[in-house]
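Order of the sequence lines fixes the chain letters, A, B, ..., with proteins taken first and strands second; residue numbering starts at 1 for each chain.
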Amino acid sequence: MGNSVQILTDKITLIASPTTWVEGLAIQQLRHTAALAGMVKVAGMPDLHPGRGYPIGAAFFSQGCIYPALVGNDIGCGMGFWQTSLPLAKVKIDKLARRLVDLEGPLGAPWAELVAQGKARLGIDNAHFDQALGTIGGGNHFAEFQAVDCLHDAGAFPGDPSRLLLLVHSGSRGLGQAILARHLVEHGHEALAADTPAFGTYLAQHDEAVRWAELNRELIARRFLAAIRAEGQCLFDLNHNLVSPYSLAGQAGWLHRKGATPADQGLVVIPGSRGDYSYLVQPKADAKALHSLAHGAGRKWQRGECKSRLSHKYRREDLVRTRFGSQVICADKTLLFDEAPQAYKDCHSVVDDLVQAGLVQLVARLKPVVTFKTQGGCAG
DNA sequence: ATGTGC
């Protein structure tokens, strides 16, 4: 267990075995961020990789202040995990994929009442980004149908493992972006002291974006369920990009999760790339990783360098099917390369680091069936 | 990541 818990300094813990590949720049960013004023404790996850100034795949505990720029633009980004009513025995991959049409534009009139209900239920007043509610967005966001491939702990599985599953990864779209942009104009990257009016302003907007992102994932899931003519229920929904109140050793402060899944809210899914397994795991109560876990396999290659690395070797046709026979729907060629399985670490090695660190127990291994990115991409 | 450019 000690083998995958690296104590870098008295402030910084890295959950990764010595053989897990972590880019030097990411460690540099981790150290840099840990040195910011008010930063008390930092935990890097085995999916740690470089971001824009701040690393992705880490949790940061501060006291007296927060760093909105560290949370970043995609406030509330996370994973919604659903069980559909469709028995796996009835699933035909091509037929399922063919039903995934008209899932990217605004939801439109038939959904207006559900959208209004959802906004009321979650206390969302902002209406400027209503057109984006129910849309996945770009980058590493996706909606993926999955199947249980291997059940490690049948008793801990939260639903019926013989049904098709749906994992939704998305966030607050333009809303989070607008909130950060507005904040940066006035305050830049500086610490935001907890006793200032600007803190209250930011946090109220941040919290609304977190709720907006949750509603977005719910609407995406319902939209995909409607497309495949199935019912479904949410098994859990978790944010991996946010700042929230947290206590460490009895000391109150703030926990920034920057691509770090909470370990204190029940079961979580750690998704691999579209050509890899994902893992349903049961977190164990443990503060050494700041009650946080990896939020995915983590990038091995930077976005943007993937196309040049892969385009000589693979054509579009090679990338829209995976080794599992699962189908990939992604009309944006750049995105098709940027999110290729080769660009990500092996998810099992990342999850194994968490197991070795005593942070999680395996519940099930999941495999992709259909991964939806976008139908209407024009770039590339 | 992004109402994703001039």
Side-chain angles (χ1 to χ4, degrees), chain A residues 25-26 29 33 47-58 60 67-80 103-108 115 124 126-144 168-185 189 202 205-206 208-210 212-217 219-220 238-243 256-261 271 273-274 295-299 301-307 330-340 343-344 372-380:
Chain A
L25 177 59
Q29 291 179 337
T33 310
D47 62 332
L48 188 79
H49 59 280
R52 287 197 168 182
Y54 310 99
I56 298 157
F60 304 87
Y67 289 89
L70 173 57
V71 174
N73 61 323
D74 200 3
I75 302 163
C77 184
M79 301 277 174
L103 293 163
E104 294 182 86
L107 280 169
V115 170
I124 297 165
N126 191 302
H128 289 110
F129 297 89
D130 282 5
Q131 296 295 300
L133 272 171
T135 63
I136 294 172
N140 58 357
H141 291 171
F142 61 79
E144 182 172 274
V168 176
H169 179 200
S170 189
S172 55
R173 311 285 276 108
L175 175 58
Q177 158 85 352
I179 291 167
L180 178 64
R182 206 178 311 144
H183 179 82
L184 288 178
V185 166
H189 285 240
Y202 171 78
Q205 293 174 354
H206 163 285
E208 187 175 49
V210 167
W212 194 102
E214 284 169 9
L215 178 59
N216 189 34
R217 287 188 291 273
L219 291 168
I220 291 166
L238 296 167
N239 299 294
H240 55 227
N241 231 49
L242 77 168
V243 59
H256 307 68
R257 287 191 172 102
K258 175 75 169 173
T261 294
S273 76
R274 68 192 187 213
H295 78 311
R299 294 198 80 88
W301 298 345
Q302 300 269 31
R303 186 171 279 131
E305 69 174 284
C306 303
K307 201 171 170 183
C330 181
D332 181 327
K333 205 173 169 190
T334 303
L335 200 49
L336 189 65
F337 283 100
D338 277 352
E339 298 300 312
Y344 283 85
F372 185 99
K373 297 289 289 182
T374 175
Q375 251 151 4
C378 54

Rounded to whole Å, CG of A:Leu180 lies from P of B:dT4 at a distance of 16 Å
Check: Using a cut-off of 4.0 Å on non-hydrogen atoms, how would the nucleic acid contact of A:Gly72 be classed: base, sugar-phosphate, or nothing?
Finding: nothing
- With heavy atoms under 4.0 Å as the rule, sort A:Gly51 into base, sugar-phosphate or nothing. nothing
Separation of B:dT4 atom C1' from A:Glu104 atom CD, nearest Å, is 14 Å
A:His128 NE2 to B:dT2 P, in whole Å, measures 19 Å
note: A:Gln177, atom CD; B:dG5, atom P; distance rounded to Å ~ 12 Å
For A:Arg173, the salt bridge (charged side-chain N to carboxylate O under 4.0 Å, His left out) test, sequence neighbours excluded, returns none
- Looking at every strand, decide which applies to A:Gly137 at a 4.0 Å heavy-atom threshold: base, sugar-phosphate, or nothing. sugar-phosphate
Between A:Leu70 and A:Lys258, the two heavy atoms sitting closest are O-CD, 2.9 Å
Atom CG of A:Asn241 and atom C1' of B:dT2 are separated, to the nearest Å, by 14 Å
For A:Arg173, which contact category applies under a 4.0 Å heavy-atom criterion: base, sugar-phosphate, or nothing?
sugar-phosphate
Rounded to the nearest 0.5 angstrom, the CG-CD distance for A:Asn126 and A:Gln205 is 9.0 Å
So A:His169, base contact, sugar-phosphate only, or nothing? Heavy-atom distance under 4.0 Å. nothing
In short, A:Ser170 meets A:Asn216 closest at the heavy-atom pair OG-ND2, 3.4 Å
